[in-house]
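Notes for the one structure printed next.
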Amino acid sequence: MSTILAIESSCDDTSAAVLRDDVLLSNVIASQKVHEQYGGVVPELASRAHEQNIIPVVDGAIREAGIRKEEIDAVAFTRGPGLMGSLMVGVSFAKSFAQALGKPIIEVNHLQAHVLSHFIRQEVQECRSTGEQTNALPDKKQEHSSAFLHSHTPTLPSFPFICLLVSGGHTQILLLHSHFDMEILGQTIDDAAGEAIDKAAKIMDLGYPGGPIIDRLAKEGDPEAFHFATPQIAGYDYSFSGIKTSFLYFLRDRLKEDPDFIEKNKADLCASIQKTIVDFLLKKVEKAALKHGVRQVAIAGGVSANSRLRSELQRICDKHRWQAFIPPFKFCTDNAAMVGIAGYFKYLKGEFADISLPPYTR
Ligand code: KG4
Ligand code: ZN
């Protein structure tokens, strides 16, 4: 049995988690509010906040897991991609902490971690309270015991399956042959889906990050109220910069006629732009699954928290009698639990990193 401490600090969330094998014992996240007033992440402020948060967050994760730090077998950390200053804090901390304990380190790719979050197991009570689909274990009382670990009835994806990875920085359709064999079937040639949503929110002056705000306002709006063209891109690739520009020009023209146009149509605008982006994303995912004869489709990354993306994926999968894998909300945006599960699979393979390994931004 292994106990892994995982650390995530690639962007603006400082997070630490403890896993016993593939079971999550704790997952502490400190989100940085400081960026809201600037309408985006300020790298210098992010690294400073990571420095302030890292010790209490790691301490909290170890205490919440109910373990002693001497029980840790390895320390996993996000090596990249991400912001250099942010990564530096987590990477340096992970290395020093592991060295002090005399334990090995495991480097994790942030994007792979998002995808592998589908393999995290956790306790049943927690899942019920959030009402979310999880890889739940049946009996809280047997928590952390080996009997518990062997008695679960998991709902994990099996290989091969397709995963749409949609975050603030990436948009990819992946075909997973095994945990670390992820074939890129398609990806964005310019902006990421999350970036496009955040920019649409910025154009409407809604605040940052725009994704959750658009999602909330869209619930009151009509997704058919306005239509925005999506580009014709070959294969499974995406492009989002054109959608953003047509949204901008559309609003500029309407604002000339009515300066209150955005205010009056906020919910309909949110619902319509959200529908445009979600439908564009899922159309290619459906095509890819049909082409590859895959009957299991997952979503991962920050944008997978989007309610329309979640319900539409479920609808498409029901239509084809495929299985949809939709992560619990807490595993959608950045967290260390996903770094821990990726670290666990590397631990099983004995893939440890050298202490001199630097972070990478791309
Ligand atoms: O994965 P993530 O936390 O960070 C990166 O690795 O980029 O993703 C952040 C992105 C942001 O663009 C944010 O607006 C978006 O995820 N996001 C959402 C929702 N929640 C977060 N987008 C749409 N609907 C949401 N509910
Ligand atoms: Zn992320």
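Ligands are counted one by one from 1 in listed order, and the atoms in each one are counted from 1 as well. The structure presented is a predicted model; accordingly, all values stated were derived computationally and were not measured.
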Applying a heavy-atom cut-off of 4.0 Å, say which part of H110 lies close to ligand 1: side chain, backbone, both or neither. side chain
Donor-acceptor pair, distance only, cut-off 3.5 Å: does the side chain of R310 make one with the backbone of I326? no
Please tabulate, one pair per line, all N/O donor-acceptor pairs under 3.5 Å involving side-chain atoms of residues 222-230, not counting sequence neighbours.
unit_1	atom_1	unit_2	atom_2	d
D222	OD1	E224	N	2.8
H227	NE2	E224	O	3.3

Which residue and non-hydrogen atom of the protein lie closest to atom 22 (N) of ligand 1, and at what distance in Å? G211 CA, 3.4 Å
Does an N or O anywhere in G301 fall below 3.5 Å from an N or O of ligand 1? no
Restricting to distances shorter than 2.8 Å, give the number of protein N, O or S atoms close to the Zn ion (ligand 2). 3
To the nearest 0.5 Å, what is the distance between OG on S307 and CD on E312? 10.5 Å
Just checking, K346 and F352: is the charged tip under 6.0 Å from the six-membered ring centre and within 45° of the axis? no
In a table with atom names and distances, give each donor-acceptor pair under 3.5 Å that connects a side chain of residues 282-302 to protein atoms at least two apart or in another chain.
unit_1	atom_1	unit_2	atom_2	d
K284	NZ	I233	O	2.7
K284	NZ	G235	O	3.0
K284	NZ	D237	O	2.7
E286	OE2	K319	NZ	2.9
E286	OE2	H320	NE2	2.6
R295	NH2	R321	O	3.1
Q296	OE1	S158	N	3.1
Q296	NE2	S158	O	3.3
Q296	NE2	S158	OG	2.7

Looking only at distances, please establish whether an N/O atom of ligand 1 is found under 3.5 Å from an N/O atom of G302. yes
Carboxylate-amine/guanidinium contact D258 R254, below 4.0 Å: no
Would you say Y360 and N109 make side-chain contact, with heavy atoms under 4.5 Å? yes
If the cut-off is 4.0 Å to any non-hydrogen atom of G169, which atoms of ligand 1 fall inside it? 7 (O)
Side chain of N27, backbone of A337: donor and acceptor closer than 3.5 Å? yes
Check ion pair K256-D253 (N to O, under 4.0 angstrom): yes
Reference residue L87; test side-chain contact (heavy atoms from CB on, under 4.5 Å); the match among S10, C11, S92: S10
Show me which atoms of ligand 1 lie under 4.0 Å from any heavy atom of H114. 1 (O), 6 (O)
For a 4.5 angstrom cut-off between non-hydrogen side-chain atoms, does V41 reach P209? no
Does an N or O anywhere in D13 fall below 3.5 Å from an N or O of ligand 1? no
Based purely on interatomic distance, does D334 place a nitrogen or oxygen under 3.5 Å from a nitrogen or oxygen of ligand 1? yes
Below 4.0 angstrom from a heavy atom of A305, which ligand 1 atoms are there? Numbered from 1 as shown, please. 20 (N), 26 (N)
Heavy-atom contacts under 4.0 Å between Q274 and ligand 1: side chain, backbone, both, or neither? neither
Is there a donor-acceptor pair closer than 3.5 Å between any side-chain N or O of N53 and the backbone N or O of P56? no
Validation: residues 183-195 side-chain donor-acceptor distances under 3.5 Å, sequence neighbours left out:
unit_1	atom_1	unit_2	atom_2	d
E183	OE1	H177	NE2	2.7
Q187	OE1	Q172	NE2	3.2
T188	OG1	D190	N	3.2
T188	OG1	D191	O	2.5
D190	OD1	F240	N	2.8
D190	OD1	S241	N	3.2
D190	OD2	S239	OG	2.6
D190	OD2	S241	OG	3.2
D191	OD2	K244	NZ	3.1
E195	OE1	A192	N	3.0
E195	OE2	K199	NZ	3.4

Hey, is D215 touching ligand 1 through its side chain, its backbone, both or neither, going by heavy atoms under 4.0 Å? side chain
Which protein heavy atom lies closest to atom 9 (C) of ligand 1, and at what distance to 0.1 Å? G168 N, 3.7 Å
How far is atom 12 (O) of ligand 1 from its nearest protein heavy atom, and which residue and atom name does that atom have? D198 OD2, 2.7 Å
Pull out every atom of ligand 1 sitting under 4.0 Å from any heavy atom of G194, numbered as shown with elements. 12 (O)
Against heavy atoms of S167, which atoms of ligand 1 measure under 4.0 Å? 1 (O), 5 (C), 6 (O), 7 (O), 8 (O)
Quick one: look up the protein heavy atom nearest atom 24 (N) of ligand 1 and list residue, atom name and how far away it is. N306 ND2, 3.0 Å
Taking F325 as the fixed residue, which of C163, S117, P157, S304 is the one that meets the side-chain contact (heavy atoms from CB on, under 4.5 Å) rule? P157
With a 4.0 Å cut-off on heavy atoms, is C11 in contact with ligand 1? no
Which bit of T333 is near ligand 1, meaning a heavy atom under 4.0 Å away: side chain, backbone, both or neither? both
Check ion pair E71-K103 (N to O, under 4.0 angstrom): no
